[in-house]
Amino acid sequence: MEKLVSLCKRRGFIFQSSEIYGGTGSVWDYGPLGVELKKNLKDRWWHAMVRARNDIEGLDAAILMHPRVWEASGHVAGFVDPLVDCKNCKKRFRADDPRIKGTPGTPDAQCPSCGMKGTLSEPRLFNLMFKTFMGPVEDSASIVYLRPETAQGIYVNFLNVQQTTRQKIPFGIAQIGKAFRNEITPGNFIFRTREFEQMEMQFFVEPGTDMKWFEYWKQQRMDWHRGLGLAENRLQFHQHTKEELAHYARAAFDVQFDFGGTLGFQEIEGVHNRGDFDLTQHQQYSGKKLEYFDQPNNRRYVPYVVETSVGADRTTLAVLVNGYREEAVEGEAEGRTVLGLDPSIAPIKAGVFPLVKKDGMPEMAVRIADDLREGFPIFYDDSGAIGRRYRRQDEVGTPFGITVDGESLTNATVTVRDRDTLKQERVEAGQLKEYLTRKLAS
Ligand code: GAP
């Protein structure tokens with residue numbers, strides 16, 4: 001993880017937020033390559049979940065919602081962690097922190113940070129939602145929350161979307177957006193942060209058909225993660241036990257990815273059968289009916305919901321961990337670091353290089369780069385030895401290296417180097433667009 005964090009900073013994938021002020025706790029900024037990588041992941045998700053299907057509609061709901069939404073959803077009362085404070089060092093810990101010796105609130109309990117005995121308070125419930133105020137007056141009537149999940153924006157718009165699109169059940173609503181949680185134990189880089197992005201889809205079904213759709217979505221989502229190039233042996237399902245199930249869930253499976261090291265297998269996505277919990281709650285709290293009218297059978301009902309909820313940042317971390325490798329190169333003293341990203345999500349698709357900076361090679365390489373840039377993110381580089389330039393692109397996951405050499409000037413061909421096999425092919429310069437399109441599609 002340390003090596004990956006360092007690579008991400010050095011090469012402009014991810015920076016600590018407000019770094020020049022000493023950083024903000026567990027908030028990260030995506031640099032030029034990171035924003036492309038995460039955007040590619042989000043585009044893939046949006047394509048698979050919305051554009052390529054006729055039974056899912058897109059939505060972009062606001063982050064700030066009516067405060068009653070979070071009472072209805074159960075977050076005001078239930079989205080809490082028990083915490084203890086140390087009266088001496090003022091640090092705060094989860095009550096179940098394994099480093100705490102003794103029972104908090106009693107004289108023998110020892111603070112895991114300053115070591116003092118008897119200074120830990122009794123556990124108090126701490127809500128993980130960020131609060132702010134709407135309007136000019138800062139009183140309890142103007143409290144609003146930064147949403148801790150995007151799902152609620154979908155439930156409150158269920159009828160707006162269904163009626164405007166005339167979708168029939170079963171159908172889904174999908175959205176990508178920021179969520180905020182005042183996590184007590186954030187960490188592991190972008191794995192658990194206080195501001196993050198979710199890609200969530202709520203699929204509305206007829207009660208009784210929910211388990212069939214639950215199984216369907218479990219499989220679809222696992223296949224999507226496989227399609228990102230995540231290694232088969234690093235992916236698994238984890239079924240929630242009765243104790244683990246969230247208050248809204250009738251059944252839940254996590255898609256887990258093996259991050260290695262001390263993290264091991266961890267959740268990257270949750271697939272939940274939420275029954276009619278959310279729509280029923282919003283009906284009660286808003287006083288508005290959220291029923292579906294099944295015209296052929298002339299009956300009204302509150303649909304059940306199967307939810308798929310994946311973190312864009314956590315998936316970004318998974319593809320980075322999955323792709324990172326260091327390897328020896330035959331015939332070379334120096335090894336190389338490679339980010340073996342699936343070409344479809346790589347931030348740069350090809351590097352374009354003149355072999356040497358003379359004899360018209362840079363001019364031809366610039367022309368090729370400019371021409372390809374219309375269709376693909378391209379990086380032009382003419383500084384340093386060619387081997388160095390290849391290595392720089394390997395390290396950021398660029399799948400192809402296009403080199404203009406002496407032969408290029410006589411027969412208008414270039415070499416294309418494959419990041420993973422290191423094999424080079426000669427390709428006609430005029431055919432490069434078709435070549436890259438074909439390679440990126442396969
Ligand atoms: N609407 C259901 C829901 O929010 P969740 O299991 O709490 O379910 C879904 O979150 C996904 O959101 C997780 O699998 C994870 O990928 C991502 N996620 C949750 N909390 C996160 C955090 N603090 N930092 C980064 N990603 C997070």
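Indexing begins at 1, ligand by ligand and atom by atom, following the structure's order. The structure displayed is predicted, hence computed values, not measured ones.
Among Ile268, Thr316, Thr185, Thr150, the residue whose heavy atom lies closest to atom 16 (O) of ligand 1 is Ile268. Closest heavy-atom approach to atom 11 (C) of ligand 1 within the set Ala312, Ala246, Ser309, Ala179: this belongs to Ser309. Selection from Glu149, His240, Arg181 by nearest heavy atom to atom 5 (P) of ligand 1 gives Arg181.
Geometrically, ligand 1 and Ile190 share no nitrogen or oxygen pair separated by less than 3.5 Å. Polar contact check, Arg192 against ligand 1: no nitrogen or oxygen pair lies under 3.5 Å apart. Ligand 1 has no N or O atom lying under 3.5 Å from any N or O atom of Pro148, backbone or side chain. By the 3.5 Å distance cut-off applied to N or O atoms, His272 is not counted among the residues near ligand 1.
For ligand 1, the atoms sitting less than 4.0 Å from at least one non-hydrogen atom of Phe191 are 24 (N), 25 (C), 26 (N), numbered in the order shown with element in parentheses. Interface atoms of ligand 1 facing Glu307, defined by a heavy-atom separation under 4.0 Å, are 1 (N), 2 (C). Less than 4.0 angstrom separates some heavy atom of Glu200 from each of these atoms of ligand 1: 1 (N), 2 (C), 3 (C), 4 (O). Of all the atoms in ligand 1, the ones that sit under 4.0 Å from a non-hydrogen atom of Tyr248 are 2 (C). Short contacts between ligand 1 and Glu269, defined as distances under 4.0 Å to a heavy atom of the residue, involve ligand atoms 14 (O).
The stretch residues 1-18 participates, sequence neighbours left out, in these salt bridge (Lys or Arg N to Asp or Glu O under 4.0 Å) pairs: Lys3-Glu326, Lys9-Glu19, Arg10-Glu395, Arg11-Glu395. Applying the ring pair (Phe, Tyr, Trp, His ring centres under 6.0 Å) test to every pair with at least one member in residues 100-133, sequence neighbours left out, gives no pairs at all.
With hydrogens left out, the protein atom closest to atom 24 (N) of ligand 1 is Thr193 N, 3.0 Å, a heavy atom. Nearest protein heavy-atom contact of atom 10 (O) of ligand 1 is Gln198 NE2, 3.4 Å. When hydrogens are left out, the protein atom nearest atom 26 (N) of ligand 1 is Phe196 CD1, 3.6 Å; that is the closest non-hydrogen contact. In terms of protein heavy atoms, atom 17 (C) of ligand 1 is closest to Gly311 CA, 3.8 Å. With hydrogens left out, the protein atom closest to atom 14 (O) of ligand 1 is Glu267 OE2, 2.6 Å, a heavy atom.
Taking a cutoff of 4.0 Å between a charged side-chain nitrogen and a carboxylate oxygen, Lys349 and Glu36 do not qualify as a salt bridge. At a threshold of 4.0 Å, the pair Asp394-Arg417 counts as salt-bridged, since one of the basic side-chain nitrogens sits closer than that to a carboxylate oxygen. Taking a cutoff of 4.0 Å between a charged side-chain nitrogen and a carboxylate oxygen, Arg92 and Asp85 qualify as a salt bridge.
In this structure, Phe353 CZ and Tyr380 OH are separated by 10.5 Å, a value rounded to the nearest 0.5 Å.
Remark: Arg99 is not positioned above the aromatic ring of Phe93, lacking an NZ or CZ atom under 6.0 angstrom from the ring centre and at most 45 degrees off the axis. Geometrically, Lys38 engages Tyr30 in a cation-pi contact defined by less than 6.0 Å to the ring centre and at most 45° from the axis.
Ring geometry for Phe171 versus Phe158: interplanar angle under 30°, hence parallel rather than tilted (30 to 60°). Between His238 and His240, the ring-plane angle classifies as tilted under the 30° and 60° cut-offs. Between Phe203 and Trp213, the ring planes are tilted. Angles from 30° to 60° get that label.
No donor-acceptor pair under 3.5 Å is formed between the side chain of Asp254 and the backbone N or O of Gln256.
Remark: distances from the non-hydrogen atoms of Arg274 to ligand 1 include one below 4.0 Å. For the pair Asp313 and ligand 1, no heavy-atom separation below 4.0 Å is found. At a 4.0 Å cut-off, not a single heavy atom of Phe79 sits close enough to ligand 1 to count as contact. Residue contact check for ligand 1: Glu197 places no non-hydrogen atom closer than 4.0 Å to it.
In this structure, Phe191 and Met1 have side chains that are not in contact, with every pair of non-hydrogen atoms separated by 4.5 Å or more.
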